[in-house]
Amino acid sequence: SGLTASRSVRVPASVGDPLSAVETPALVCDLDKAETNIRHFEDTMRDFPSVRLRPHFKSHKSVDLCKVQLQSPLVSGFCCQKTSEAEAMAEAGINDILLTNEVVVERKINRLLGLLQRHETLRLAVLVDDPSEASKLSSFAAHAQVELGVLVELDCGGGRCGVTSVQECVSLAQTLHALPALRFRGIQAYHGTAQHLRTPQERKAAIDSVLLTLREVRSRLSELGVPCAEITGGGTGTYLHEAASGVYTEVQAGSFRFNDVDYGANQDAHGVQLSDSEWQFSLSVLSTVMSRNERQRKCVTDAGMKAHSVDSGPPRLLHAVEGAEVRNGGDEHLIITYPEGIAVPQLGSQVSVVPGHCDPTVNMHDFLVATRQGVVVGVFPLARGPGF
Ligand code: PLP
Ligand code: MN
């Protein structure tokens, strides 16, 4: 007998509602803009026809949005970061999943193997960065009578997970290739800390240095006769460098569907902030004015830091107002100050803000309210939580 838990979750809107009827604070995605971002992504990838897109589920945690993106001819499958995310996708019928993390706890490994047992067409892989885990995964997969895909994770300089040398990478790849019940598929080389380097020159230099390592790994593996079919990595900030490398076979960008203030602060080659010129701000948090002070030229809305993540700084107004200032007011409050000549929003009126960082913001909400031209067209449940 285990503990059971349940909670009632209030749905913020119904299909057909105007935005004004949506309960706030709510997470809102303008689907037209998200689709514009997906099309722009495809346009930028035209020059690299052999490079596929494996978008990351962690950014939106919505199987409904996966289905929107599956319409893209470039999409081969999806990435996710957590066992629970893999379960949400597999149960929704998505049959090509790369879990971009090491999974070492036996219960979790068995949950993943269970997915392979239950979904016959599922192609599933996880990352490995330790030889002792390799043999453990192999014996578990053999026992479950399924084949689990594995990729070696290479630390690209972020200092997070991953092997840290050519030698370790090659030797772990050899080990994985030799083990029964595992299919060695290749290398993950995702450079997280390069994504928000502000200039394209800095971002390119960071990826160039990873390419030196990857080329060496690739040629050593080919000398050893170890097939390395996949080299995967690349986020919204750098994916064009990976795509142009001739080394990466797929890119994992995710945030570009939404954009956020942090990505909007990246610069183009002329030092101009990209803001929403490269990617549309399709994601926003809808909030309601609960207090205002005309003399101080400010209003306070209900989008505090429990409704959007502040690790990358405060949100900005979706509809930019020159001279307006947005300030964190604590857990449940957002303070917005307007310049002279601009009306301070009335009590009860709604204000949309773009979060500093899209991924952790999404994780705070039970639902994503999908809209087109200000009308709710879907209320998508999110596979959110710490993700066990
Ligand atoms: N791949 C991995 C392994 C990641 O951790 C992330 C995000 O942090 C991504 C891809 C997607 O990057 P982004 O959402 O910045 O495009
Ligand atoms: Mn992120």
Side-chain angles (χ1 to χ4, degrees), residues 48-54 76-77 79 96-104 109 112-113 116 122-192 194 205-235 238-239 241-252:
F48 321 108
S50 62
V51 180
R52 311 280 298 165
L53 170 62
R54 184 182 286 284
S76 50
C79 295
D96 190 346
I97 300 171
L98 169 62
L99 199 163
T100 58
N101 256 325
E102 290 71 16
V103 180
V104 304
I109 296 169
L112 292 173
L113 298 173
L116 285 167
L122 177 63
R123 190 167 170 265
L124 174 68
V126 298
L127 306 185
V128 184
D129 68 359
D130 190 303
S132 66
E133 288 302 318
S135 45
K136 182 168 117 195
L137 282 177
S138 169
S139 63
F140 275 59
H143 187 255
Q145 296 187 303
V146 293
E147 186 182 68
L148 179 66
V150 283
L151 287 84
V152 174
E153 179 166 21
L154 176 72
D155 177 2
C156 296
R160 200 163 64 174
C161 304
V163 298
T164 53
S165 72
V166 170
Q167 182 49 43
E168 279 178 323
C169 191
V170 169
S171 120
L172 184 51
Q174 268 187 298
T175 304
L176 291 170
H177 180 56
L179 282 166
L182 298 183
R183 174 171 295 270
F184 172 68
R185 286 180 18 188
I187 313 291
Q188 171 169 306
Y190 172 73
H191 199 328
I207 301 311
D208 280 347
S209 80
V210 181
L211 291 176
L212 295 177
T213 310
L214 285 174
R215 288 202 182 91
E216 209 179 321
V217 167
R218 207 176 49 169
S219 76
R220 295 270 301 279
L221 287 178
S222 114
E223 282 159 25
L224 292 163
V226 177
C228 178
E230 295 172 43
I231 297 190
T232 182
T238 65
Y239 75 94
H241 303 303
E242 283 90 346
S245 66
V247 171
Y248 283 80
T249 60
E250 69 180 18
V251 294
Q252 302 180 344

Would you please say whether a donor-acceptor pair under 3.5 Å links the side chains of T164 and E168?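 Side chains of T164 and E168: pair found under 3.5 Å.
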Atom [atom1] of [X] and atom [atom2] of [Y]: how far apart are they, to the nearest 0.5 Å?
X    : Y    : atom1 : atom2 : value
Y248 : H241 : OH    : NE2   : 11.5 Å
L221 : E216 : CG    : CD    : 11.0 Å
C169 : D129 : SG    : CG    : 10.5 Å
H143 : S138 : NE2   : OG    : 13.0 Å
L116 : L124 : CG    : CG    : 5.0 Å
Q188 : C161 : CD    : SG    : 9.5 Å

I'd like to know whether L127 forms a side chain to side chain contact (heavy atoms under 4.5 Å, CB included) with L99, so could you lay out the CA-CA distance, the side-chain angles of the two residues, the decisive distance to 0.1 Å, and finally the verdict. CA-CA 7 Å; L127 306 185; L99 199 163; over 6 Å; no
Side chains of [X] and [Y]: does their closest heavy-atom pair fall under 4.5 Å?
X    : Y    : value
E230 : L98  : no
R215 : L211 : yes
H177 : L224 : no
T238 : H191 : no
F184 : V152 : yes

What pair of heavy atoms forms the shortest contact from [X] to [Y], and how long is it?
X    : Y    : answer
D130 : S132 : OD1-OG, 2.7 Å
A134 : L172 : CB-CD1, 4.4 Å
I207 : A194 : CD1-CB, 4.3 Å
L148 : A141 : CB-CB, 4.3 Å
V103 : L137 : O-CD2, 4.2 Å
G186 : C228 : CA-SG, 3.8 Å

The single option from L214, L151, V163 passing side chain to side chain contact (heavy atoms under 4.5 Å, CB included) against I187: L214
Identify the residue among E153, R160, E242 that makes a side chain to side chain contact (heavy atoms under 4.5 Å, CB included) with Y190.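 Output: one option passes, namely R160.
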Tell me whether R185 is salt-bridged to E250, with the criterion being a basic N under 4.0 Å from an acidic carboxylate O.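 Looking at R185 and E250, the cut-off is not met.
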Could you give me the CA-CA distance, side-chain angles and deciding distance for T232 and Q252, then say whether side chain to side chain donor-acceptor pair (under 3.5 Å) is met? CA-CA 7 Å; T232 182; Q252 302 180 344; 2.9 Å; yes
More than 12 foreign heavy atoms under 6.0 Å from CZ of R218: is that the case here? yes
